[in-house]
Protein chains: 2
Amino acid sequence: MSQGSTDPQGIVGFAAHDHSACTRAALALAEETCAEKGLSFTPVRRRTLEILLESHVALGAYDVLARLAEDGFGSKPPVAYRALGFLMDNGLAHRIERLNAFVACAHPGAAHDPAFFICRKCGAVAEAQGVTPLDASADAAGFAVEKTTIEAEGLCPLCREEAA
Amino acid sequence: MSQGSTDPQGIVGFAAHDHSACTRAALALAEETCAEKGLSFTPVRRRTLEILLESHVALGAYDVLARLAEDGFGSKPPVAYRALGFLMDNGLAHRIERLNAFVACAHPGAAHDPAFFICRKCGAVAEAQGVTPLDASADAAGFAVEKTTIEAEGLCPLCREEAA
DNA sequence: CGGGGGTTGTGATATTATAACATACGCGTT
DNA sequence: AACGCGTATGTTATAATATCACAACCCCCG
Ligand SMILES: [Zn+2]
Ligand SMILES: [Zn+2]
Ligand SMILES: [Zn+2]
Ligand SMILES: [Zn+2]
């Protein structure tokens, strides 16, 4: 629960930031993580992550696939789904259920139980950490939580301003 | 385990209960709600709700469709999707995003911001109310939440026992 | 050299969802 | 009764999302 008021690195995605640094850091960390775990961070996988990292917007599997195909990789669905699966299995990307779409993880490496804020206007997706609010309810029900999906749709700060 | 805790109107779905009463009540309430709001609770719509109410398990749109077709209603996807859409629009059913499936609402009428517990073994889905944990994070980020999707997957009390 | 595991590629197919249009029905007006 | 109108239902067709099954490849190791 390190969710302070000022979110030092709490919620990424809406705030203005040096995105090329953000991207480079994520790729470096992915590289490192895979090396440590003995996973092969192959060209398709790397390129897939790069594509997701281009913006903090969720992409459909077929969008990713089209981009991969442009770059000379295979053009059939399993190519994209496998790469995305690899990234998700290893905490480098997440699936946004409401959108049937995928985003790069904004807190790779960190322990994960992500929650997402999705702007319905501009499509930006921000990832928050450490929101695990179900425990009380779950305990009361005798339910053993294994995975959570927590997604909020609404308006991001910028789109909110525009609307006003 | 606090399994026996009697959850007055907390979590419905896992606890043993008089399900035929549960079903009748839900149908009666739906009837009433529609009457009040001037909505037509037509045969397909009613039958769709009945089908969802048969168990506290989420059904795919095509499962529902097959059941409707058996009963003499149309057999093409829009028939099911429209009925399900009506029920969702009017707070009588919910979509479970993780499963691309639908359940009858367990707290119809009540103000709604539902959270779901989904048993990965038996498929039971329980609906909890009033879990709105994102507000703090959202405010900090300047995000205006409009809708939330909160779903937890795990083991329900019964399947948990079996596993032990 | 000869496997064997992991990775990539492809064709085929399954599953989920919507668009577009036609028909039917209830209902108030003429 | 006849008409116009809105809502609901039904059908055809197609879109969007996802997985299966199998072949080819590549790299490392024995
Ligand atoms: Zn960035
Ligand atoms: Zn993450
Ligand atoms: Zn926005
Ligand atoms: Zn019940």
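What's counted below: heavy atoms across the whole structure, side chains too, no hydrogens, waters or symmetry copies. All chains are named by letter (A, B, ...) in the order of the sequence lines, taking the proteins before the strands, and each is independently numbered beginning at 1.
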Rounded to the Å, how far apart are A/L68 CG and C/dT8 P?
11 Å

Between C1' on C/dT8 and CZ on A/R45, what's the gap in Å once rounded to a whole number?
9 Å

Does the ring of A/Y62 meet both stacking tests against the six-membered base ring of D/dT17: centre distance under 5.5 Å and plane angle under 30°?
yes

Would you say the side chains of B/T148 and B/D113 form a donor-acceptor pair under 3.5 Å?
yes

B/T149 versus A/I150: any side-chain heavy-atom pair under 4.5 Å?
no

Looking only at heavy atoms, the pair that brings A/I118 and A/E151 closest together is CD1-CB, 4.1 Å

Nearest to the side chain of A/P78 - D/dC20, D/dT9, D/dT17?
D/dC20

Would B/R46 count as a cation-pi partner of B/F41, with NZ or CZ less than 6.0 Å from the six-membered ring centre and within 45° of the ring normal?
no

In terms of heavy-atom contacts, B/C122 and B/V57 come closest through O-CG2, 4.1 Å

Picking from D/dA18, C/dA17, D/dT11, the nucleotide nearest the side-chain atoms of A/F102 would be D/dA18

Here the distance between atom C1' of C/dT16 and atom CD of B/E97, to the nearest Å, is 12 Å

In whole Å, I'd like the distance from the CG atom of B/N90 to the C1' atom of D/dT7.
14 Å

Reading DNA chain D from 5' onward, which residue's closest nucleotide shows up sooner: A/D63 or B/G74?
B/G74

For every nucleotide of nucleotides 25-30 of chain D, 5' to 3': is a protein heavy atom under 4.0 Å from its base (B), only from its sugar-phosphate (S), or from neither (-)?
------

Check whether any side-chain nitrogen or oxygen of B/R46 sits under 4.0 Å from OP1 or OP2 of D/dA8, and answer yes or no.
no

A/F41 CZ to C/dT7 P: how many Å, rounded?
13 Å

What's the closest nucleotide to the A/R95 side chain, out of C/dT18, C/dT8, D/dA18?
D/dA18

Measure from CZ on B/F86 to C1' on D/dG10 and round the result to the nearest Å.
18 Å

Please tell me which of the listed nucleotides, D/dA8, D/dG10, D/dT17, lies nearest to the side chain of A/N100?
D/dT17

For A/C22 and A/H56, which heavy atoms make the closest approach, and how far apart are they?
SG-NE2, 3.6 Å

Would you indicate which nucleotide in C/dA17, D/dC20, D/dT17 comes nearest to any side-chain atom of B/Y81?
C/dA17

Within the structure, does a side-chain N or O atom of B/T42 lie under 4.0 Å from either OP1 or OP2 of D/dT9?
yes

Does A/R82 get its side chain close enough to the base of C/dG9, under 3.5 Å, for a donor-acceptor pair?
yes

Separation of C/dG9 atom P from A/L65 atom CG, nearest Å, is 10 Å

Are the aromatic rings of B/H94 and B/F116 close, with centres under 6.0 Å apart?
yes

Does CD in A/E161 sit with more than 12 non-hydrogen atoms of other residues, nucleotides or ligands closer than 6.0 Å?
no

Distance in angstrom units between B/R98 CZ and D/dA18 P, rounded:
13 Å

Using only side-chain N and O atoms of A/S40, determine if any of them is under 4.0 Å from OP1 or OP2 of C/dG6.
no

